[in-house]
Amino acid sequence: MSQQAVSTTKSASNQRPGAYEFRELERRWREFWLKEKTHRAAGPGEPGFEDRPKCYILDMFPYPSGDGLHIGHPKGYIASDIYNRYKRMQGFNVLHPMGFDSFGLPAEQYAIEHNVHPAMSTDECIERIRGQLQFLGLSYDWDREISTSKEDYYCWTQWIFLQLFQCWFDPEVTWEDGAGRTLQGRAVPIEQLVRSLASGERELTAADRQVIEDAGADATDSWAGLNRARQELVLNNYRLAYQKEVTVNWCPGLGTVLANEEVTAEGLSERGNCQVYRRPLKQWMLRITDYADRLLEDLDAERLADGKGGTFALDWPEQIKLMQRNWIGRSHGANVVFEVLDPQTHQLKSRLEVFTTRPDTLFGATFMVVAPQHPLVTAGSDSYAVPETWTDSTPDAWKGESPSDGIREALGRYQATAATSNFRTADAKQEDDKDKTGVFSGIFARNPVSGTEIPVFVADYVSMDYGTGSIMAVPAHDDRDYAFASKYGLPIMKVVDPPASTGKVECYTGDGTSINSPGGVGGDQNPFAITDLPTAEAKGKIVAALEKERVGKSAITYRLHDWIFSRQRYWGEPFPLATHPDGFSVETDLPVLLPEMADFQPLMSDDPDTPVSPPLGRAERSWTRVEIGGEEYDRELNVMPQWAGSCWYFLRFIDPQNDSAFCDTTKESYFMPVDLYIGGAEHAVLHLLYSRFWHKVLYDLGHVSTPEPFKKLFNQGMITADAFTDERGVYIDIRDVEFDGDTPVQRGTGKELNRSRGKMGKRYKNGLPPEEVGDEYGVDTLRLYEMYMGPLEQSAPWSMEGIRGMQRFLQRVWRNFITQDGQAKVKAEPIEDALGKKLQRTIVRVTDDIEGLRFNTAIAGLIELNNELVGADEIPEELARNFLLLLSPLAPHITEELWMRCGFGHGNLAYQAWPKHDEMALVEEMITLPVQVNGKVRGTVEVPVEIEEHVVRELVLGHENVKRFLPESGEVHRFILVPGKIVNIVV
RNA sequence: GCCGAAGUGGCGGAAUUGGUAGACGCACCGGAUUCAAAAUCCGGCGGGGGCAACUCCGUGUGGGUUCGAGUCCCACCUUCGGCACCA
């Protein structure tokens, strides 16, 4: 009689056997799946392994921050769960694991804020989140659960780090990979390098000697003549994991340095929004730039080895590929050497190298600019070339803010200002071009192709981080140079003629034809002559000439920098390294356990000049000192960044218990690559780039079988939510918000509230825990609703109204299958023809939709079919079976229950249970064609698919829908039949 | 500024390679059932005109290609995402 109990009463009774008691039923199946380990996967060599086609479906694993999950989080997990269940039903051996990214900033910040030890808080958070995931009926193989902060996991993270430490990227190696591709450059053991240096087969390069000289020692000619410390200095310059003094992103608020990828454009930490400062520090680095080309090229490579003799290509959203391409930022151009002249004598004093992508505009270079940190203008550096006084002819505008200053003072002042504003604020960015500042350095350089003497400026629009930290300025063809030249009255010389179609522009930055450069019809003997050549040709010719004259060479520059890999925090993987009293680092035995420390807090402050002091420095001496080969070493006190563990976790899932290797090679080559990887787009240039890099190193060293880890990547959209604030700006819990028409008001007080749109989150008080929604509406309902809200990749706002529609759908499914007395309505009888066709169409539609992760339209198809069944006294068994199978990945609990109640057994959990539409008579013999008369659609006609044209003509012209639009005589001028598309009649 | 994606009812969104736009859901309206409500079931639901059969207009704006355009091409407007002095 009453359905009220179902939706509002918490303890559902057993009085009415026919009611859809979702709470009891969902709990029962949830427990059944866990107890029976229904979703266990077996790899090669494991009990129950069958050599069926595999499918590896992976979610980006969560970090355990203690607020638990809200209903926005599981969107991607539900999607992968549906895909997992679907693939299993199709007979695939599916690996679908879950774990926790428990080391790193997020977990540690949570612990600090709640004043607990991270080891404690992460365990508690993991418990809670695991419970939430299980509540949602997600079909993970929990036997494979991992956690990156557990010793048996991070000892292998350390092991992989040592692989990076003990190898280098040899750019000279040409090799063939598993797919028969010829690759240039490869990671090889550092030991090989040591051997060839020791045997004399390879000699120390100028760069090698430079390293030793930079350290203040004399370089000898041979490797054997160097002591251990100096040999290690040379090797450090090769290793993929190396130490270097670099300008880092120092974040005193978090007490640590951060990678470029972890700092926003505003100069705030991606995690916690703390101010970040630039500061030189000696850090561990990973040489990701060596892999820049391969990371770029493999995004679009057509043949990547799959480790099983086949190949694959990345199936990633174009958006993410693009972000990675931009982040790597490869640009082709040339390095050109300018002579720096003594301002008095005009004789050669030193050289200044610039990078340019437009060598064809060299003749238009009318001045140069170096970054404020450039050695040429850094007092005390070897190449310091700033004269003591301004020349008489120097305009005041070139002398900086106060023209009365001496030249060195003016420069120093400018450099000091530049140093404090490394990061531009959002406001400053608006102004961009207008706001160019700079100071003349007093230095002149000679343009190598024209011989002209040009002034060298210091300006902060040139950054030391990119290229050579200095540029040749071509104001006629570069917007920034143009703005600078306009401000300081520098000459502007056009050297590229735009194509005729281009309107008049003062500063043309595109391609065209070279002009005002030597050469052309008149011609002269300048070796750099390029006049009249189109841009591409001009570039080629002038670069060749530069190389011939030894004043430049073709060059490629990357935006990508090496990965700053150390953090001054506690909650991370300790480096398995120790430092010898002579300063070099060696590897230590594994594992290096994180020492238990009550006082784990990093030194956090607002002062950018705080001393850097990693918490591990406060560990007991027994930990910080280690004896190796009879000598005492200091342990490395930094820890790895939060990304280290997630760089390879997908490999550990394949073989999580292995204590003799990070992953068994047979199992690895069976399950890799990951077939479907679902997660948010926020990791585009962080985790997704870092893990590709590690994977390539492991591939080069022969530890994994595929050059790329993730075949198909899918970014699910967020679930957004409205947040409400009262007049004080305090967030009001959405459960206390009511609507007066469209106006949000506070429950109880009736006060009007402000509405804002955005992310769901604890601090906005607009997130609901999945348990709360699941308990009120049912987990199946919640799952269906989240998938129905729109395309998976799109963000969509949560609303409590829509979810009732999904609950109604499931209740209607239930009533279609079960009578009020609790009897199954299923009968062994043939399906009525029209319904049979509808079923077949639905099978095709739902299969295609799930395969393409279009769950919203799949659900729409099922609702449509289910609506056909409403009111029927009984349902044909074949229809019932297929309908439940189609619904079961999406709403697993209710379908399991109905499957049992209909007497079908545990069928929908079995392999090869998915309806096979390819074996059915899918091709409809009849096709519906729209018919146009005189350009207007007048109806549709059903005609057989394969039939002679004249028969169609007769059928169409004789059809009721068409006949009445034809003239009395029935005469037609033209009859056009587009097979399978449309009939067009002109009368 | 540069690069990319997208603009469809009151709302979320459907619409194979160009082929009857608005599937499905929400909200809303009418009816049945009920003492009443909830729930359920039946029906309606882009706009204008018509008693009706029907008809005209409709997928951000303006052009174009085509028998036929939400879909393809050109220009513009708007929104969102990414990058941002990258030489």
Side-chain angles (χ1 to χ4, degrees), chain A residues 1-8 265 317-323 325-327 329-331 333 354-358 361 368-369 371 424 428-433 435-436 459-463 465-474 477-481 483-484 509 557-560 681 684-685 742 784-785 788-791 793-806 808-809 811-812 815 844-845 848 854 856-867 870-871 928-940 961 964 974 976 978 980-986:
Chain A
M1 266 171 278
S2 165
Q3 294 285 326
Q4 203 170 352
V6 171
S7 55
T8 57
E318 202 44 49
Q319 177 72 14
I320 301 290
K321 286 192 188 179
L322 193 71
M323 283 168 71
R325 276 185 218 117
N326 290 341
W327 190 261
R330 175 162 74 180
S331 37
V354 300
F355 173 73
T356 176
T357 53
R358 292 297 299 272
T361 62
M368 300 184 79
V369 184
R424 304 167 68 79
K429 278 174 190 179
Q430 304 284 318
E431 297 172 29
D432 246 7
D433 293 343
D435 204 34
K436 298 254 178 305
D460 65 0
Y461 84 88
V462 170
S463 142
D465 294 339
Y466 186 78
T468 59
S470 51
I471 62 158
M472 63 176 211
V474 185
H477 305 291
D478 182 283
D479 292 330
R480 295 150 299 169
D481 299 343
F484 194 84
T509 56
T557 294
Y558 301 90
R559 206 185 88 107
L560 182 72
V685 290
D742 279 342
L784 280 180
Y785 180 56
Y788 191 67
M789 288 175 21
E793 66 273 24
Q794 240 171 62
S795 291
W798 178 267
S799 99
M800 267 304 177
E801 272 81 62
I803 197 170
R804 292 207 178 272
M806 274 308 116
R808 273 197 276 268
F809 164 56
Q811 283 169 343
R812 211 170 321 174
R815 280 197 302 272
V844 176
R845 177 176 172 180
D848 287 356
R854 291 183 302 268
N856 53 332
T857 49
I859 294 166
L862 289 168
I863 294 174
E864 213 179 324
L865 180 59
N866 187 56
N867 286 345
V870 170
T928 308
L929 295 185
V931 179
Q932 277 185 3
V933 181
N934 288 345
K936 296 209 166 147
V937 176
R938 293 301 184 180
T940 58
N961 287 345
R964 58 202 170 105
R974 220 153 38 114
I976 306 161
V978 185
K981 299 283 186 185
I982 196 163
V983 181
N984 199 278
I985 301 165
V986 182

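Values in this document were obtained by computation on a predicted structure and should not be read as measured data. First the proteins, then the strands, lettered A, B, ... as listed; each starts at 1.
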Could you pull out all residues at least two apart from A:F355 that satisfy ring-ring contact (aromatic ring centres under 6.0 Å, His included)?
none
Taking only residues two or more places apart in sequence, or in another chain, which ones meet A:Y466 in a ring-ring contact (aromatic ring centres under 6.0 Å, His included)?
none
For nucleotides 24-31 of chain B, 5' to 3', base contacts (B), sugar-phosphate-only contacts (S) and non-contacts (-) with protein non-hydrogen atoms under 4.0 Å give BSSS----
Is A:N856 touching bases, backbone alone, or none of the nucleic acid, heavy atoms closer than 4.0 Å?
sugar-phosphate
Looking for any heavy atom pair under 4.0 Å, which part of the strands does A:S470 touch: base, sugar-phosphate only, or nothing?
nothing
Residue list, side-chain hydrogen bond (donor to acceptor under 3.5 Å, both in side chains) with A:T857, at least two apart or on another chain:
A:D849
Partner residues of A:D465 under the side-chain hydrogen bond (donor to acceptor under 3.5 Å, both in side chains) criterion, sequence neighbours left out
A:R278
With respect to the side chain of [X], which nucleotide from [options] is positioned closest?
X	options	value
A:T857	B:A87, B:C42, B:A15	B:A15
A:R559	B:C83, B:G13, B:U40	B:C83
A:P791	B:G82, B:G13, B:C41	B:G13

For [N] and [X] - does any side-chain N or O of the residue sit under 4.0 Å from the phosphate oxygens OP1/OP2?
X	N	value
A:R330	B:C86	no
A:R480	B:G1	no
A:S331	B:A87	yes
A:Q794	B:G13	yes

Those residues that, when tested against A:D478, pass salt bridge (Lys or Arg N to Asp or Glu O under 4.0 Å) (two or more places apart)
A:R480
